[in-house]
Protein chains: 2
Amino acid sequence: METLRERKKQRTRDALLRSALELFTTRGYEGTTVDDIADAVDVSQRTFFRYFAGKEEAALTLQEMTVAHFIELVRERPPQEAPMVALRRAVLEGWGTLNDVVEAIVPVELYLRMYRVIESTPVLLAAHLRRSDEVEEEIARVLAAREGLDVDADPRPRLAVAVFSGVMRVTGRQWSTGEDFSVEAIRELTARYLEQVGPALTGNWRRA
Amino acid sequence: METLRERKKQRTRDALLRSALELFTTRGYEGTTVDDIADAVDVSQRTFFRYFAGKEEAALTLQEMTVAHFIELVRERPPQEAPMVALRRAVLEGWGTLNDVVEAIVPVELYLRMYRVIESTPVLLAAHLRRSDEVEEEIARVLAAREGLDVDADPRPRLAVAVFSGVMRVTGRQWSTGEDFSVEAIRELTARYLEQVGPALTGNWRRA
DNA sequence: TTGTCAATTGTCAGCGGCTGTCATTAGCCT
DNA sequence: AGGCTAATGACAGCCGCTGACAATTGACAA
(Lines give C-alpha, C1' and ligand atoms only; values in the text may rest on other atoms or scores of the structure.)
Protein backbone atom coordinates (compact mmCIF):
# COMPACT_ATOMS: atom_id res chain seq x y z
CA MET A 1 0.00 0.00 0.00
CA GLU A 2 2.16 2.77 -1.27
CA THR A 3 0.39 5.98 -2.06
CA LEU A 4 -2.50 7.65 -0.29
CA ARG A 5 -4.62 7.06 -3.38
CA GLU A 6 -4.14 3.33 -3.31
CA ARG A 7 -4.90 3.13 0.37
CA LYS A 8 -8.04 5.15 -0.11
CA LYS A 9 -9.17 2.95 -2.94
CA GLN A 10 -8.55 -0.14 -0.92
CA ARG A 11 -10.54 1.26 1.97
CA THR A 12 -13.44 2.16 -0.30
CA ARG A 13 -13.47 -1.29 -1.81
CA ASP A 14 -13.28 -2.99 1.55
CA ALA A 15 -16.05 -0.82 2.91
CA LEU A 16 -18.26 -1.57 -0.09
CA LEU A 17 -17.62 -5.28 0.18
CA ARG A 18 -18.23 -5.41 3.91
CA SER A 19 -21.40 -3.36 3.68
CA ALA A 20 -22.63 -5.48 0.81
CA LEU A 21 -22.04 -8.73 2.68
CA GLU A 22 -23.57 -7.36 5.83
CA LEU A 23 -26.67 -6.27 3.97
CA PHE A 24 -26.92 -9.47 1.91
CA THR A 25 -26.76 -11.65 5.00
CA THR A 26 -29.34 -9.60 6.89
CA ARG A 27 -31.85 -8.28 4.37
CA GLY A 28 -31.11 -10.93 1.75
CA TYR A 29 -29.54 -10.50 -1.66
CA GLU A 30 -32.67 -9.51 -3.57
CA GLY A 31 -33.77 -7.31 -0.73
CA THR A 32 -30.62 -5.24 -1.02
CA THR A 33 -30.23 -2.66 -3.76
CA VAL A 34 -26.94 -1.36 -5.04
CA ASP A 35 -28.04 2.04 -3.84
CA ASP A 36 -28.38 0.63 -0.34
CA ILE A 37 -24.79 -0.54 -0.46
CA ALA A 38 -23.48 2.68 -1.93
CA ASP A 39 -25.42 4.76 0.57
CA ALA A 40 -24.05 2.72 3.47
CA VAL A 41 -20.53 3.67 2.39
CA ASP A 42 -21.59 7.13 1.32
CA VAL A 43 -20.46 6.93 -2.27
CA SER A 44 -22.45 7.16 -5.47
CA GLN A 45 -23.99 4.12 -7.09
CA ARG A 46 -21.65 4.72 -10.03
CA THR A 47 -18.66 4.26 -7.80
CA PHE A 48 -19.89 0.87 -6.67
CA PHE A 49 -19.88 -0.27 -10.27
CA ARG A 50 -16.33 0.97 -10.69
CA TYR A 51 -15.22 -1.48 -8.01
CA PHE A 52 -17.48 -4.39 -8.83
CA ALA A 53 -18.69 -5.55 -12.22
CA GLY A 54 -22.11 -6.07 -10.68
CA LYS A 55 -24.04 -6.93 -7.56
CA GLU A 56 -23.24 -10.60 -8.13
CA GLU A 57 -19.52 -10.04 -8.13
CA ALA A 58 -19.64 -8.48 -4.70
CA ALA A 59 -21.69 -11.40 -3.41
CA LEU A 60 -19.28 -13.98 -4.82
CA THR A 61 -16.00 -12.27 -3.96
CA LEU A 62 -15.31 -14.38 -0.89
CA GLN A 63 -16.04 -17.59 -2.76
CA GLU A 64 -13.71 -16.47 -5.47
CA MET A 65 -10.91 -16.00 -2.97
CA THR A 66 -11.24 -19.48 -1.56
CA VAL A 67 -11.55 -20.98 -5.02
CA ALA A 68 -8.38 -19.26 -6.18
CA HIS A 69 -6.64 -20.58 -3.11
CA PHE A 70 -7.83 -24.11 -3.82
CA ILE A 71 -6.55 -23.94 -7.39
CA GLU A 72 -3.18 -22.85 -6.09
CA LEU A 73 -3.08 -25.80 -3.72
CA VAL A 74 -3.80 -28.19 -6.57
CA ARG A 75 -0.99 -26.67 -8.59
CA GLU A 76 1.42 -27.17 -5.71
CA ARG A 77 0.66 -30.86 -5.24
CA PRO A 78 3.62 -33.14 -5.91
CA PRO A 79 3.36 -34.48 -9.46
CA GLN A 80 3.74 -38.09 -8.48
CA GLU A 81 0.43 -38.12 -6.64
CA ALA A 82 -2.44 -39.74 -8.46
CA PRO A 83 -4.95 -37.14 -9.71
CA MET A 84 -7.78 -37.94 -7.36
CA VAL A 85 -5.41 -38.09 -4.43
CA ALA A 86 -4.05 -34.68 -5.30
CA LEU A 87 -7.54 -33.23 -5.50
CA ARG A 88 -8.58 -34.79 -2.25
CA ARG A 89 -5.55 -33.53 -0.37
CA ALA A 90 -5.81 -30.08 -1.89
CA VAL A 91 -9.41 -29.75 -0.78
CA LEU A 92 -8.73 -30.98 2.72
CA GLU A 93 -5.79 -28.63 3.01
CA GLY A 94 -7.99 -25.86 1.65
CA TRP A 95 -10.50 -26.30 4.43
CA GLY A 96 -7.69 -26.32 6.92
CA THR A 97 -6.39 -22.97 5.75
CA LEU A 98 -9.77 -21.37 5.11
CA ASN A 99 -9.37 -19.19 8.14
CA ASP A 100 -6.10 -17.66 6.98
CA VAL A 101 -7.54 -16.78 3.59
CA VAL A 102 -10.83 -15.29 4.67
CA GLU A 103 -10.11 -13.73 8.03
CA ALA A 104 -7.85 -11.13 6.44
CA ILE A 105 -10.95 -9.53 4.93
CA VAL A 106 -13.94 -10.49 7.04
CA PRO A 107 -14.74 -12.80 9.96
CA VAL A 108 -15.05 -16.41 8.80
CA GLU A 109 -18.52 -16.43 10.28
CA LEU A 110 -19.61 -13.92 7.64
CA TYR A 111 -18.17 -16.19 4.95
CA LEU A 112 -20.27 -19.05 6.23
CA ARG A 113 -23.44 -16.97 6.40
CA MET A 114 -22.81 -15.72 2.90
CA TYR A 115 -22.35 -19.28 1.70
CA ARG A 116 -25.87 -20.06 2.78
CA VAL A 117 -27.21 -16.94 1.13
CA ILE A 118 -25.63 -18.09 -2.13
CA GLU A 119 -27.12 -21.55 -1.83
CA SER A 120 -30.57 -20.16 -1.16
CA THR A 121 -30.63 -17.37 -3.74
CA PRO A 122 -31.40 -18.75 -7.21
CA VAL A 123 -29.52 -16.17 -9.23
CA LEU A 124 -26.47 -16.42 -6.96
CA LEU A 125 -26.50 -20.19 -6.96
CA ALA A 126 -26.64 -20.11 -10.75
CA ALA A 127 -23.67 -17.77 -10.98
CA HIS A 128 -21.81 -19.87 -8.45
CA LEU A 129 -22.39 -23.07 -10.40
CA ARG A 130 -21.24 -21.44 -13.60
CA ARG A 131 -18.06 -20.31 -11.91
CA SER A 132 -17.53 -23.82 -10.60
CA ASP A 133 -17.87 -25.02 -14.13
CA GLU A 134 -15.06 -22.74 -15.24
CA VAL A 135 -12.94 -23.89 -12.34
CA GLU A 136 -13.48 -27.49 -13.36
CA GLU A 137 -12.08 -26.76 -16.77
CA GLU A 138 -9.06 -25.02 -15.30
CA ILE A 139 -8.29 -27.88 -12.95
CA ALA A 140 -8.79 -30.46 -15.67
CA ARG A 141 -6.07 -28.68 -17.62
CA VAL A 142 -3.77 -28.64 -14.62
CA LEU A 143 -4.22 -32.37 -14.12
CA ALA A 144 -3.80 -33.11 -17.80
CA ALA A 145 -0.55 -31.16 -17.85
CA ARG A 146 0.71 -33.07 -14.80
CA GLU A 147 -0.01 -36.35 -16.50
CA GLY A 148 1.17 -35.30 -19.91
CA LEU A 149 -2.24 -35.66 -21.53
CA ASP A 150 -4.23 -33.65 -24.03
CA VAL A 151 -7.50 -32.57 -22.42
CA ASP A 152 -9.29 -32.54 -25.74
CA ALA A 153 -8.12 -35.98 -26.78
CA ASP A 154 -8.44 -37.82 -23.48
CA PRO A 155 -11.72 -37.43 -21.58
CA ARG A 156 -10.36 -38.70 -18.29
CA PRO A 157 -9.10 -35.41 -16.82
CA ARG A 158 -12.40 -33.63 -17.37
CA LEU A 159 -14.37 -36.66 -16.20
CA ALA A 160 -12.34 -37.03 -13.03
CA VAL A 161 -12.70 -33.36 -12.20
CA ALA A 162 -16.42 -33.37 -12.97
CA VAL A 163 -16.91 -36.32 -10.64
CA PHE A 164 -14.82 -34.76 -7.92
CA SER A 165 -16.61 -31.45 -8.30
CA GLY A 166 -19.96 -33.16 -8.07
CA VAL A 167 -18.98 -34.81 -4.82
CA MET A 168 -17.80 -31.48 -3.45
CA ARG A 169 -21.10 -29.87 -4.34
CA VAL A 170 -23.09 -32.56 -2.61
CA THR A 171 -20.79 -32.32 0.37
CA GLY A 172 -21.06 -28.56 0.61
CA ARG A 173 -24.82 -28.61 0.43
CA GLN A 174 -25.13 -31.31 3.04
CA TRP A 175 -22.83 -29.34 5.30
CA SER A 176 -24.66 -26.07 4.83
CA THR A 177 -27.99 -27.63 5.70
CA GLY A 178 -26.63 -29.50 8.67
CA GLU A 179 -26.08 -28.31 12.19
CA ASP A 180 -22.34 -28.31 12.64
CA PHE A 181 -20.83 -25.38 10.77
CA SER A 182 -17.30 -25.99 11.95
CA VAL A 183 -14.41 -26.54 9.58
CA GLU A 184 -13.85 -29.93 11.14
CA ALA A 185 -17.35 -30.94 10.17
CA ILE A 186 -16.86 -30.26 6.50
CA ARG A 187 -13.41 -31.81 6.46
CA GLU A 188 -14.79 -34.99 7.86
CA LEU A 189 -17.77 -34.90 5.55
CA THR A 190 -15.49 -34.37 2.56
CA ALA A 191 -13.37 -37.39 3.41
CA ARG A 192 -16.40 -39.54 4.12
CA TYR A 193 -18.25 -38.66 0.95
CA LEU A 194 -15.21 -39.21 -1.22
CA GLU A 195 -14.99 -42.71 0.18
CA GLN A 196 -18.63 -43.28 -0.68
CA VAL A 197 -18.19 -42.57 -4.37
CA GLY A 198 -17.03 -46.07 -5.16
CA PRO A 199 -19.92 -47.78 -3.39
CA ALA A 200 -22.38 -45.28 -4.86
CA LEU A 201 -21.35 -46.18 -8.39
CA THR A 202 -20.76 -49.90 -8.29
CA GLY A 203 -22.56 -51.19 -5.27
CA ASN A 204 -25.84 -52.88 -4.88
CA TRP A 205 -27.41 -50.36 -2.52
CA ARG A 206 -29.96 -52.75 -1.16
CA ARG A 207 -27.71 -54.98 0.81
CA ALA A 208 -26.84 -52.80 3.72
CA MET B 1 -57.78 -27.46 -27.53
CA GLU B 2 -61.38 -26.75 -26.76
CA THR B 3 -62.37 -23.15 -26.94
CA LEU B 4 -61.28 -20.45 -29.32
CA ARG B 5 -59.64 -18.64 -26.44
CA GLU B 6 -57.38 -21.55 -25.59
CA ARG B 7 -56.36 -22.05 -29.18
CA LYS B 8 -55.54 -18.38 -29.50
CA LYS B 9 -53.47 -18.43 -26.35
CA GLN B 10 -51.59 -21.47 -27.55
CA ARG B 11 -50.88 -19.81 -30.86
CA THR B 12 -49.63 -16.66 -29.18
CA ARG B 13 -47.36 -18.64 -26.93
CA ASP B 14 -46.00 -20.71 -29.78
CA ALA B 15 -45.42 -17.63 -31.87
CA LEU B 16 -43.59 -15.91 -29.02
CA LEU B 17 -41.43 -18.96 -28.38
CA ARG B 18 -40.57 -19.49 -32.01
CA SER B 19 -39.77 -15.84 -32.58
CA ALA B 20 -37.66 -15.78 -29.45
CA LEU B 21 -35.65 -18.85 -30.46
CA GLU B 22 -35.22 -17.58 -33.98
CA LEU B 23 -33.94 -14.25 -32.73
CA PHE B 24 -31.72 -15.78 -30.05
CA THR B 25 -30.06 -18.10 -32.53
CA THR B 26 -29.44 -15.36 -35.07
CA ARG B 27 -28.80 -12.13 -33.18
CA GLY B 28 -27.73 -13.84 -29.98
CA TYR B 29 -29.43 -13.83 -26.60
CA GLU B 30 -28.07 -10.54 -25.29
CA GLY B 31 -28.54 -8.95 -28.67
CA THR B 32 -32.25 -9.68 -28.55
CA THR B 33 -34.63 -7.48 -26.63
CA VAL B 34 -37.93 -8.61 -25.18
CA ASP B 35 -39.43 -5.79 -27.21
CA ASP B 36 -37.91 -7.33 -30.32
CA ILE B 37 -39.67 -10.60 -29.58
CA ALA B 38 -42.97 -8.96 -28.75
CA ASP B 39 -42.80 -6.77 -31.83
CA ALA B 40 -42.11 -9.79 -34.03
CA VAL B 41 -45.38 -11.32 -32.84
CA ASP B 42 -47.12 -7.98 -32.68
CA VAL B 43 -48.09 -8.07 -29.05
CA SER B 44 -47.10 -5.79 -26.22
CA GLN B 45 -44.04 -6.42 -24.10
CA ARG B 46 -46.38 -6.93 -21.16
CA THR B 47 -48.00 -9.84 -22.92
CA PHE B 48 -44.67 -11.58 -23.37
CA PHE B 49 -44.21 -11.52 -19.60
CA ARG B 50 -47.64 -13.02 -19.13
CA TYR B 51 -46.50 -16.10 -21.06
CA PHE B 52 -42.92 -16.34 -19.84
CA ALA B 53 -41.55 -15.52 -16.43
CA GLY B 54 -38.60 -13.88 -18.13
CA LYS B 55 -36.36 -13.84 -21.14
CA GLU B 56 -34.45 -16.77 -19.67
CA GLU B 57 -37.49 -18.97 -19.43
CA ALA B 58 -38.19 -18.61 -23.13
CA ALA B 59 -34.59 -19.49 -23.91
CA LEU B 60 -34.64 -22.59 -21.72
CA THR B 61 -38.09 -23.89 -22.62
CA LEU B 62 -36.84 -26.53 -25.05
CA GLN B 63 -34.26 -27.77 -22.59
CA GLU B 64 -36.96 -28.00 -19.98
CA MET B 65 -39.03 -30.20 -22.24
CA THR B 66 -36.27 -32.68 -22.85
CA VAL B 67 -35.31 -32.69 -19.19
CA ALA B 68 -38.88 -33.44 -18.14
CA HIS B 69 -38.91 -36.25 -20.65
CA PHE B 70 -35.68 -37.67 -19.28
CA ILE B 71 -37.05 -37.63 -15.74
CA GLU B 72 -40.09 -39.51 -16.91
CA LEU B 73 -37.90 -42.14 -18.53
CA VAL B 74 -35.98 -42.61 -15.29
CA ARG B 75 -39.23 -43.05 -13.40
CA GLU B 76 -40.32 -45.72 -15.84
CA ARG B 77 -37.19 -47.82 -15.55
CA PRO B 78 -37.80 -51.28 -14.07
CA PRO B 79 -36.99 -51.19 -10.35
CA GLN B 80 -34.68 -54.15 -10.45
CA GLU B 81 -32.12 -52.30 -12.54
CA ALA B 82 -29.12 -51.01 -10.67
CA PRO B 83 -29.26 -47.21 -10.30
CA MET B 84 -26.46 -46.34 -12.67
CA VAL B 85 -27.77 -48.75 -15.25
CA ALA B 86 -31.20 -47.17 -15.06
CA LEU B 87 -29.72 -43.71 -15.53
CA ARG B 88 -27.59 -44.80 -18.42
CA ARG B 89 -30.45 -46.48 -20.24
CA ALA B 90 -32.82 -43.58 -19.59
CA VAL B 91 -30.35 -41.13 -21.08
CA LEU B 92 -29.66 -43.23 -24.13
CA GLU B 93 -33.36 -43.73 -24.66
CA GLY B 94 -33.85 -40.01 -24.19
CA TRP B 95 -31.49 -39.21 -27.02
CA GLY B 96 -33.25 -41.73 -29.15
CA THR B 97 -36.62 -40.09 -28.66
CA LEU B 98 -35.38 -36.52 -28.74
CA ASN B 99 -36.91 -35.99 -32.13
CA ASP B 100 -40.41 -36.96 -31.04
CA VAL B 101 -40.32 -34.60 -28.09
CA VAL B 102 -38.90 -31.54 -29.80
CA GLU B 103 -40.21 -31.74 -33.33
CA ALA B 104 -43.78 -31.17 -32.16
CA ILE B 105 -42.81 -27.58 -31.36
CA VAL B 106 -39.82 -26.65 -33.49
CA PRO B 107 -37.37 -28.35 -35.86
CA VAL B 108 -34.75 -30.32 -33.95
CA GLU B 109 -32.13 -28.30 -35.70
CA LEU B 110 -33.33 -25.22 -33.82
CA TYR B 111 -33.02 -27.14 -30.58
CA LEU B 112 -29.42 -27.93 -31.37
CA ARG B 113 -28.59 -24.36 -32.32
CA MET B 114 -30.22 -23.13 -29.14
CA TYR B 115 -28.19 -25.61 -27.14
CA ARG B 116 -25.03 -23.96 -28.35
CA VAL B 117 -26.39 -20.51 -27.59
CA ILE B 118 -27.01 -21.63 -24.03
CA GLU B 119 -23.51 -23.04 -23.66
CA SER B 120 -21.95 -19.86 -24.96
CA THR B 121 -24.07 -17.30 -23.13
CA PRO B 122 -22.88 -16.91 -19.53
CA VAL B 123 -26.20 -15.99 -17.98
CA LEU B 124 -28.01 -18.79 -19.80
CA LEU B 125 -25.36 -21.34 -18.95
CA ALA B 126 -25.67 -20.32 -15.32
CA ALA B 127 -29.43 -20.73 -15.33
CA HIS B 128 -29.07 -24.04 -17.12
CA LEU B 129 -26.62 -25.38 -14.56
CA ARG B 130 -28.87 -24.31 -11.72
CA ARG B 131 -31.76 -26.14 -13.30
CA SER B 132 -29.57 -29.22 -13.73
CA ASP B 133 -28.83 -28.97 -10.05
CA GLU B 134 -32.52 -29.11 -9.23
CA VAL B 135 -32.98 -32.03 -11.57
CA GLU B 136 -30.18 -33.88 -9.80
CA GLU B 137 -32.02 -33.56 -6.53
CA GLU B 138 -35.23 -34.81 -8.07
CA ILE B 139 -33.58 -37.83 -9.61
CA ALA B 140 -31.70 -38.61 -6.45
CA ARG B 141 -35.04 -38.84 -4.70
CA VAL B 142 -36.43 -41.10 -7.40
CA LEU B 143 -33.49 -43.45 -7.07
CA ALA B 144 -33.63 -43.40 -3.30
CA ALA B 145 -37.31 -44.30 -3.39
CA ARG B 146 -36.59 -47.17 -5.77
CA GLU B 147 -33.97 -48.53 -3.45
CA GLY B 148 -35.87 -47.84 -0.27
CA LEU B 149 -33.32 -45.36 1.06
CA ASP B 150 -33.54 -42.02 2.82
CA VAL B 151 -31.79 -39.39 0.70
CA ASP B 152 -30.83 -37.37 3.73
CA ALA B 153 -29.40 -40.29 5.64
CA ASP B 154 -27.59 -42.10 2.84
CA PRO B 155 -25.34 -40.00 0.62
CA ARG B 156 -25.12 -42.57 -2.17
CA PRO B 157 -28.17 -41.53 -4.23
CA ARG B 158 -27.08 -37.89 -4.42
CA LEU B 159 -23.47 -38.89 -5.04
CA ALA B 160 -24.36 -41.26 -7.83
CA VAL B 161 -26.57 -38.69 -9.52
CA ALA B 162 -23.97 -35.95 -9.12
CA VAL B 163 -21.36 -38.16 -10.75
CA PHE B 164 -23.68 -39.15 -13.54
CA SER B 165 -24.73 -35.57 -14.10
CA GLY B 166 -21.11 -34.48 -14.24
CA VAL B 167 -20.37 -37.02 -16.93
CA MET B 168 -23.42 -35.89 -18.91
CA ARG B 169 -22.25 -32.29 -18.73
CA VAL B 170 -18.79 -33.15 -19.97
CA THR B 171 -20.32 -35.25 -22.70
CA GLY B 172 -22.71 -32.56 -23.81
CA ARG B 173 -20.02 -29.96 -24.00
CA GLN B 174 -17.68 -32.19 -25.93
CA TRP B 175 -20.48 -32.96 -28.34
CA SER B 176 -21.48 -29.34 -28.82
CA THR B 177 -17.94 -28.30 -29.62
CA GLY B 178 -17.35 -31.22 -31.96
CA GLU B 179 -18.24 -31.60 -35.56
CA ASP B 180 -20.87 -34.29 -35.63
CA PHE B 181 -24.15 -32.91 -34.34
CA SER B 182 -26.13 -36.03 -35.01
CA VAL B 183 -28.02 -37.86 -32.32
CA GLU B 184 -25.94 -40.94 -32.99
CA ALA B 185 -22.84 -38.96 -32.15
CA ILE B 186 -24.01 -37.98 -28.71
CA ARG B 187 -25.39 -41.42 -27.99
CA GLU B 188 -22.08 -42.98 -28.74
CA LEU B 189 -20.22 -40.30 -26.81
CA THR B 190 -22.48 -40.84 -23.83
CA ALA B 191 -21.84 -44.56 -23.75
CA ARG B 192 -18.11 -44.12 -24.25
CA TYR B 193 -17.69 -41.49 -21.55
CA LEU B 194 -19.69 -43.47 -19.02
CA GLU B 195 -17.28 -46.35 -19.55
CA GLN B 196 -14.37 -44.01 -18.94
CA VAL B 197 -15.52 -42.98 -15.47
CA GLY B 198 -14.00 -45.99 -13.80
CA PRO B 199 -10.59 -45.57 -15.40
CA ALA B 200 -10.70 -41.85 -14.78
CA LEU B 201 -11.13 -42.35 -11.06
CA THR B 202 -8.97 -45.30 -10.24
CA GLY B 203 -6.50 -45.65 -13.03
CA ASN B 204 -2.96 -44.60 -13.31
CA TRP B 205 -3.36 -42.35 -16.33
CA ARG B 206 0.27 -42.55 -17.34
CA ARG B 207 0.35 -46.10 -18.46
CA ALA B 208 -1.55 -45.91 -21.66
C1' DT C 1 4.60 25.98 -2.67
C1' DT C 2 2.41 26.02 -6.39
C1' DG C 3 0.93 24.64 -10.78
C1' DT C 4 0.13 20.89 -13.87
C1' DC C 5 -1.33 16.31 -14.94
C1' DA C 6 -3.81 12.20 -14.04
C1' DA C 7 -6.80 9.44 -11.38
C1' DT C 8 -11.16 9.19 -8.78
C1' DT C 9 -15.63 10.47 -8.17
C1' DG C 10 -20.40 12.43 -8.78
C1' DT C 11 -24.12 13.69 -11.74
C1' DC C 12 -27.10 12.90 -15.28
C1' DA C 13 -29.31 10.69 -18.97
C1' DG C 14 -30.74 6.47 -20.79
C1' DC C 15 -31.43 1.32 -21.88
C1' DG C 16 -33.36 -3.21 -20.81
C1' DG C 17 -35.69 -6.51 -17.77
C1' DC C 18 -39.53 -6.79 -15.07
C1' DT C 19 -43.97 -5.64 -12.23
C1' DG C 20 -48.33 -3.42 -10.62
C1' DT C 21 -52.36 -1.04 -12.00
C1' DC C 22 -56.18 0.09 -14.60
C1' DA C 23 -58.83 0.71 -18.61
C1' DT C 24 -60.09 -1.69 -22.96
C1' DT C 25 -61.04 -5.47 -25.84
C1' DA C 26 -62.64 -9.94 -27.01
C1' DG C 27 -64.42 -14.54 -26.26
C1' DC C 28 -68.01 -17.11 -23.48
C1' DC C 29 -72.47 -18.34 -21.88
C1' DT C 30 -77.34 -17.75 -20.90
C1' DA D 1 -78.41 -9.20 -26.93
C1' DG D 2 -76.20 -8.47 -22.84
C1' DG D 3 -73.60 -9.49 -18.79
C1' DC D 4 -69.42 -11.86 -17.12
C1' DT D 5 -64.71 -12.97 -17.25
C1' DA D 6 -60.38 -13.67 -19.33
C1' DA D 7 -56.76 -11.56 -22.20
C1' DT D 8 -54.49 -7.55 -23.74
C1' DG D 9 -52.57 -2.84 -24.05
C1' DA D 10 -50.95 1.39 -22.13
C1' DC D 11 -48.61 3.60 -18.59
C1' DA D 12 -45.77 4.48 -14.71
C1' DG D 13 -42.09 3.01 -12.07
C1' DC D 14 -38.17 0.13 -9.80
C1' DC D 15 -33.67 -1.86 -10.31
C1' DG D 16 -29.28 -3.20 -12.47
C1' DC D 17 -26.10 -1.33 -15.32
C1' DT D 18 -23.45 1.89 -18.76
C1' DG D 19 -21.63 5.98 -21.27
C1' DA D 20 -20.35 10.71 -21.08
C1' DC D 21 -18.81 14.75 -19.02
C1' DA D 22 -17.66 17.76 -15.43
C1' DA D 23 -15.78 18.43 -10.79
C1' DT D 24 -12.68 17.01 -7.28
C1' DT D 25 -8.56 15.27 -5.30
C1' DG D 26 -4.08 13.21 -4.91
C1' DA D 27 0.77 12.90 -7.30
C1' DC D 28 4.80 14.94 -8.77
C1' DA D 29 7.96 18.25 -10.53
C1' DA D 30 9.47 22.91 -11.24
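Letters A, B, ... mirror the listed sequences (proteins, then strands); counts begin at 1. Small disclaimer: the values here were computed from a predicted structure and weren't measured.
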Only one of A:T25, A:V106, A:V108 passes side chain to side chain contact (heavy atoms under 4.5 Å, CB included) with A:R113; say which it is.
A:T25
Between A:D42 and B:F49, whichever has its closest DNA chain C nucleotide further toward 5' is A:D42
Aromatic A:F164 / basic A:R169 pairing, under 6.0 angstrom, 45° off normal:
no
Roughly, in whole Å, what's the span from CG in B:D35 to C1' in D:dA10?
13 Å
Do the charged groups of B:E22 and B:R18 touch, with an N to O distance under 4.0 Å?
no
Could B:R75 and B:E138 be called an ion pair, given the rule that one side-chain N must be under 4.0 Å from one carboxylate O?
yes
Would you say B:Y51 reaches D:dA7's phosphate, i.e. side-chain N/O to OP1/OP2 under 4.0 Å?
no
Whole-Å distance separating the CD atom of B:Q45 from the C1' atom of D:dT8
14 Å
For the side chain of B:R50, counting heavy atoms from C-beta on, which of C:dT11, C:dC18, D:dA10 is nearest?
D:dA10
Interatomic distance, B:L124 CG vs C:dG17 C1' [rounded to whole Å]:
14 Å
Nucleotides 23-30 of chain C: protein proximity per nucleotide (B base, S sugar-phosphate only, - neither; heavy atom, under 4.0 Å):
---SBS--
Please state how far atom CD in B:Q10 lies from atom P in D:dT8, giving the value in whole angstrom units.
12 Å
Using a cut-off of less than 4.0 Å, is there contact between a side-chain N or O of A:K9 and OP1 or OP2 of C:dT8?
yes
Let me know the distance between CG of A:D36 and C1' of D:dC17, rounded to the nearest Å.
16 Å
Rounded to whole Å, the CG-C1' distance (A:L16 to C:dT9) equals 12 Å
When the nearest nucleotide of DNA chain D is assigned to A:V34 and to A:R46 on a heavy-atom basis, which residue is associated with the more 5' position?
A:V34
In whole angstroms, how far is the P atom of D:dC15 from the CZ atom of A:F48?
15 Å
Does one side chain, of A:T33 or A:D36, offer a donor that lies under 3.5 Å from an acceptor on the other?
yes
Hey, can you tell me if B:W95 and B:W175 have their rings parallel, tilted or perpendicular (30° and 60° cut-offs)?
tilted
Does D:dG9 have its OP1 or OP2 closer than 4.0 Å to a side-chain nitrogen or oxygen of B:T47?
yes
Quick one: label A:S44 by what it contacts on the DNA or RNA (base, sugar-phosphate, nothing), any heavy atom closer than 4.0 Å.
base
Looking at B:E137 and B:R141, is any side-chain nitrogen of the basic one under 4.0 Å from a carboxylate oxygen of the acidic one?
yes
Rounded to the nearest Å, what distance is computed from the CD atom of residue A:E30 to the P atom of nucleotide C:dT19?
11 Å
